[in-house]
S.K.: 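Dropping the structure in here first, questions after.
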There are 2 protein chains.
Amino acid sequence: MSNRFNDSTYWRAFGENDITHSAGHYLMAIDALRDEYGYARVTDVAETLEISRSAASMAISQLKRRGWVSEDRNRFLLLTEDGAEMARLVEGNFAILSKFFEEVLGAEPDVAKADACKMEHLMSLETGRRLVWLMRHVLNDSSRAADIQKVMTRFARDKEPEDPAGPDADKGSN
Amino acid sequence: MSNRFNDSTYWRAFGENDITHSAGHYLMAIDALRDEYGYARVTDVAETLEISRSAASMAISQLKRRGWVSEDRNRFLLLTEDGAEMARLVEGNFAILSKFFEEVLGAEPDVAKADACKMEHLMSLETGRRLVWLMRHVLNDSSRAADIQKVMTRFARDKEPEDPAGPDADKGSN
DNA sequence: GGCCGGAGTTAAGCATGCTTAACAAGTCGG
DNA sequence: CCGACTTGTTAAGCATGCTTAACTCCGGCC
């Protein structure tokens with residue numbers, strides 16, 4: 001059996017990500033709060049994310065130890081340079097994925113955002129950049145965009161129960 | 001502040017997924033083992049996934065309780081109908097995502113597979129189907145495929161350090 | 001018949017990430 | 001000046017998901 005199941009470096013890498021789903025949202029919350037109010041406290045982050053203050057407190061301690069969050073002289077929360085970079089990465093991945101799901105694939109906005117939110121911290125910088133590039137150069141070309149729209153409209157019309165991988169997907173590839 | 005940060009139903013939905021990353025791989029491992037050897041035991045799953053037998057044992061108990069795995073009369077592992085469906089969903093998502101990352105975005109095979117493996121259990125059936133459809137109807141059209149290839153070749157040439165979201169991505173959207 | 005080894009389970013420990021409860025410290029009002 | 005509220009932290013508990021260690025159980029072999 002020589003497929004990806006034999007190679008634990010693949011599937012177990014899930015747990016060794018640069019950033020967890022929740023960490024990404026802590027960073028983005030701090031960023032958004034500073035944008036809007038000029039400062040961010042533990043309590044504000046907890047409120048924004050609708051979790052307990054204690055959970056926010058402990059999680060933010062981790063983020064400080066990891067060098068992504070610091071405090072100003074008034075003990076207000078700051079993103080370090082690395083922290084801001086991670087926040088931008090996750091934010092950017094969310095933006096591009098939800099845009100792709102909605103505008104190219106024609107998914108419902110809610111579905112597009114839910115899927116994007118779950119995947120945002122997992123897509124590599126490299127792949128994210130490639131997707132941005134494609135979107136920019138395909139969608140901004142109105143003829144190509146219309147082309148794709150036509151195809152996806154046909155999808156909406158022809159839609160029938162079918163295997164998500166489809167007959168020509170290379171199942172168990174590697 | 002009226003963006004997705006205010007709505008915990010979005011980001012916290014991550015933990016309420018239909019299936020976890022590891023559960024997906026347990027199901028796929030059982031499926032693959034039965035395909036190749038005609039049967040699957042706890043020990044075989046543990047070996048395939050390179051985890052301890054005890055971890056496999058406990059995880060598979062959960063999957064049985066969840067109605068995704070059962071046993072035949074010789075105590076060999078079986079996927080239930082629901083289990084097989086979940087396995088096919090995750091498998092299909094992996095196939096289509098890695099194919100998309102590699103063949104459309106032009107990512108390195110390793111990067112494509114790593115990203116796909118991390119995201120496979122998170123993409124909804126709906127979005128997966130749409131991606132399959134697009135791939136089938138865009139990539140199978142050689143002129144359109146060439147078009148995209150040309151764009152992505154230009155990406156490889158022009159590649160420069162840039163924000164993954166790019167200037168025209170709707171950051172903080174909702 | 002007894003013993004060994006493979007298969008499977010259970011228990012205890014660790015990390016993440018959440019909860020509630022209890023508590024320390026600072027600020028503000030009467 | 002002191003009580004009350006706000007802020008932040010720590011502790012204990014729970015779920016997931018892994019580990020190692022210590023079993024049970026069963027089948028085959030001398």
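The shown structure was predicted, so the numbers you read here are calculated from the model rather than taken from an experiment. Sequence lines set the chain letters: A, B, ... in the order given, protein chains first and strands last, and positions in each chain run from 1.
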S.K.: In whole angstrom, give the distance that lies between atom CG of B/L77 and atom C1' of C/dT9.
M.R.: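 B/L77 atom CG is separated from C/dT9 atom C1' by 14 Å.
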
S.K.: Are a donor atom and an acceptor atom from the side chains of B/S54 and B/S57 found within less than 3.5 Å of each other?
M.R.: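 No, no side-chain donor-acceptor contact under 3.5 Å.
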
S.K.: Can you name the nearest heavy-atom pair linking B/G83 to B/L27, along with the distance?
M.R.: O-CD1, 3.8 Å

S.K.: May I ask you to test the B/R154-A/W133 pair for a side-chain heavy-atom distance under 4.5 Å?
M.R.: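 Yes, their side chains come closer than 4.5 Å.
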
S.K.: If you define the side chain from C-beta out and look only at heavy atoms, does anything of A/L89 sit under 4.5 Å from A/L125?
M.R.: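 Side-chain contact under 4.5 Å: yes.
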
S.K.: Using the heavy-atom set of chain A and a strict 4.0 Å cut-off, write down the first and last nucleotide of DNA chain D that makes it in, 5' to 3'.
M.R.: D/dT7 to D/dT19

S.K.: Between the opening five pairs and the closing five pairs of the helix from C/dG1-D/dC30 to C/dG30-D/dC1, how far apart are the helix axes, to 10°?
M.R.: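 Computed from the C1' atoms at both ends, the axes differ by 30°.
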
S.K.: Could you tell me which non-hydrogen atom of A/G24 sits nearest to which non-hydrogen atom of A/V90, and how far apart they are?
M.R.: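 Looks like CA-CG2, 4.5 Å.
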
S.K.: For A/Y26, report the nucleic acid contact type (base, sugar-phosphate, nothing); a contact means any heavy atom under 4.0 Å.
M.R.: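 Counting heavy atoms under 4.0 Å across all strands, the contact made by A/Y26 is with sugar-phosphate only.
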
S.K.: Assigning hydrophobic clusters by single linkage (Ile, Leu, Val, Met, Phe, Trp, Tyr; side-chain heavy-atom cutoff under 4.5 Å), is B/F76 placed with B/L49?
M.R.: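 Yes; B/L49 is reachable from B/F76 via cluster members.
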
S.K.: Nearest whole angstrom, please: distance from the P of C/dA7 to the CG of B/N74.
M.R.: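 Those two atoms, CG and P, are 15 Å apart.
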
S.K.: Are the side chains of B/I19 and B/W68 in touch, meaning some heavy atoms are under 4.5 Å apart?
M.R.: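 Of all side-chain heavy-atom pairs linking B/W68 with B/I19, at least one is under 4.5 Å.
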
S.K.: Within the 4.0 Å heavy-atom criterion, would you say B/T43 contacts the bases, only the backbone, or no part of the nucleic acid?
M.R.: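 Here B/T43 touches the backbone only, sparing every base.
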
S.K.: Between B/H25 and B/F94, does the ring centre distance come in under 6.0 Å?
M.R.: no

S.K.: Measure across A/R34 and A/L77 and return the closest heavy-atom pair with its distance rounded to 0.1 Å.
M.R.: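 The pair with the smallest heavy-atom distance is NH1-O, 2.9 Å.
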
S.K.: Can you find an N or O donor on one side and an acceptor on the other, under 3.5 Å apart, linking the side chain of B/R53 with the base of C/dA7?
M.R.: yes

S.K.: Does C/dT9 have OP1 or OP2 under 4.0 Å away from a side-chain N or O of B/S61?
M.R.: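 Checking B/S61 against C/dT9: no side-chain N or O falls below 4.0 Å of OP1 or OP2.
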
S.K.: Have a look at A/S22 and say if it touches a base, only the backbone sugar-phosphate, or nothing, with a 4.0 Å heavy-atom cut-off.
M.R.: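 Answer is sugar-phosphate: A/S22 comes under 4.0 Å of backbone atoms only.
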
S.K.: Judged by each residue's nearest nucleotide on DNA chain D, which is more toward the 5′ side, B/S52 or B/Q62?
M.R.: B/Q62

S.K.: Quick one: label B/S54 by what it contacts on the DNA or RNA (base, sugar-phosphate, nothing), any heavy atom closer than 4.0 Å.
M.R.: base

S.K.: In whole Å, I'd like the distance from the CG atom of B/D44 to the C1' atom of C/dG8.
M.R.: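 Distance check: B/D44 CG to C/dG8 C1' gives 12 Å.
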
S.K.: So, are B/E71 and B/K64 salt-bridged, with charged N and O less than 4.0 Å apart?
M.R.: yes

S.K.: Roughly how many Å is it from CZ in B/R41 to C1' in C/dG5, rounded to a whole number?
M.R.: 13 Å

S.K.: Please report the shortest heavy-atom distance between B/G128 and B/N93, naming the atom on each side.
M.R.: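 The pair with the smallest heavy-atom distance is CA-OD1, 3.9 Å.
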
S.K.: When you compare the protein's N or O atoms with those of nucleotides 24-28 of chain C, which come within less than 3.5 Å of each other, and at what distance?
M.R.:
none

